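Bear in mind the structure is a predicted one, so any value in this text is a computation, not a measurement. All ligand and atom numbering here is 1-based and tracks the order in the structure. Along the sequence shown, the residues carry numbers beginning at 1.
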Amino acid sequence: RRPIITLEEHFLSRAAIAEPNERNQHFKAMPGLFDRFVELGPLRLDDMDAGGVTMQVISHAPGDLSVDGCRACNDQLADAVRAHPGRFAGFAELPMHDPEAAAAELRRTCSGQDNMSFVGALVDSHTEAGLYYDGPEFDALWAEAVSLDVPIYIHPTWPSDQLHEAYKAPHLPEITTLSILAFGFGWHSDVAVHILRLYASGVFDRFPNLKIVIGHMGEMLPYMLQRVERVCTPWGKERSFREVWDNNLWLTTSGNWSLDPMACLLRNTKHDRIMYSVDYPFSRSPNGLKWLEQLEESGMVTEEELEGIRWKNAAKLLKLDLN
Ligand code: GRE
Ligand code: ZN
């Protein structure tokens, strides 16, 4: 069978369950999710096998963890990666409310110390307090990522209190508000806005080799790319948004099983930037496989491009050797 690597695959750590965080309650309320979420063994491997997935790059779920919580979470994940070589790899969880500690944890998990060999980090799009990462205090983290040559995956997270307050519709049930504000739409556009903030703040001028990954077919940016390029020109950065798009950003398909956004992506994004991902356990590998088959049948990509999307682009970015 041809290989598949997926890289937006989540788990919920023992540390997260131990730290009081009301957002974990959202996960408990999702039917059939919790058992698969906390597990790093047979249920996950069965789903991978059913969907033809060779290797999952596993990361934590959204929700800020303390500095100690992140360490414990990463230690738990590292054990699972060591127990399943060739099937599991790891993205670190970082305490983004403390950028220096986040940089230190990236170094600990990705530099081969402590018997760990993570391939990057996946971080929430903002801290629980609503802080984005475009301030100079995050330069220490970007510098560390560049020096280790590992990507940082920016993943949606639950709306901050400010966002929730601004967008809530008081006449709608809370779950409806949340689905509009979070997984149905809002947290995707929030990641897109975050990328624009990083660009406008000159992060990619200061760190021209920084590698950022975003999921869900590019979090709406491909659809808006031409307008962003036009409107962002006066921001006066050394590099255009297009240069950043082509050189600093990678995209995954995570749980977005339609060929429509893919058609847009294939038209305006370099094909070696596109990487297949499932978004387990929120989405299941067999559903992703069906989508991959539709993509193949559609004739939208060549055989070689399909291999890139299935695993080669990820293997190159993450320096993964499947054998
Ligand atoms: C995701 O990771 O994409 C996700 C969550 C929580 C709910 C739905 C969802 O983290 O898609
Ligand atoms: Zn996800």
Could you label the plane-to-plane angle of the Phe138 and Tyr133 rings as parallel, tilted or perpendicular, counting under 30° as parallel and over 60° as perpendicular?
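Tilted, since the angle between the ring planes falls between 30° and 60°.
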Hey, what's the ring geometry for Tyr132 with His194, parallel, tilted or perpendicular (30° and 60° as the breaks)?
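Rings of Tyr132 and His194: perpendicular, as their planes differ by over 60°.
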Which ligand 1 atoms, with their elements, are less than 4.0 angstrom from a heavy-atom of [X]?
| X | value |
| --- | --- |
| Pro62 | 10 (O) |
| His216 | 3 (O) |
| His10 | 2 (O) |

Side-chain contact, heavy-atom cut-off 4.5 Å: [X] with [Y]?
| X | Y | result |
| --- | --- | --- |
| Trp142 | Ile212 | yes |
| Tyr276 | Thr252 | no |
| Leu178 | Trp158 | yes |

Closer than 2.8 Å to the Zn ion (ligand 2), do we get an N, O or S atom from His216, backbone or side chain?
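No.
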Report yes or no: does a heavy atom of Tyr280 sit under 4.0 Å from some atom of ligand 1?
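No, that is not the case, since the closest heavy atom of the residue is not under 4.0 Å from the ligand.
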Would you please test His10 and Tyr280 for ring pair (Phe, Tyr, Trp, His ring centres under 6.0 Å) and show each step?
CA-CA 6 Å; His10 307 295; Tyr280 182 88; 9.4 Å; no
By atom name, which N, O or S atom belonging to Asp279 lies closest to the Zn ion (ligand 2)?
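The Zn ion (ligand 2) is closest to the Asp279 atom OD1, counting only N, O or S.
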Residue Glu8 atom name (nearest to the Zn ion (ligand 2); N/O/S):
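Result: OE2.
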Asp190 side-chain N/O to Gly186 backbone N/O, donor-acceptor pair under 3.5 Å:
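No; zero donor-acceptor contacts below 3.5 Å.
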Is there at least one pair of N or O atoms, one from Asp279 and one from ligand 1, spaced under 3.5 Å apart?
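Looking only at distances, the answer is yes, because the N/O contact criterion of under 3.5 Å is met.
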Check this for me - ligand 1, His155, N or O atoms closer than 3.5 angstrom, yes or no?
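The answer is yes, given that His155 and ligand 1 share an N or O pair closer than 3.5 Å.
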Atom 8 (C) of ligand 1: nearest protein contact (heavy atom, Å)
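Result for atom 8 (C) of ligand 1: Phe282 CD2, 3.5 Å.
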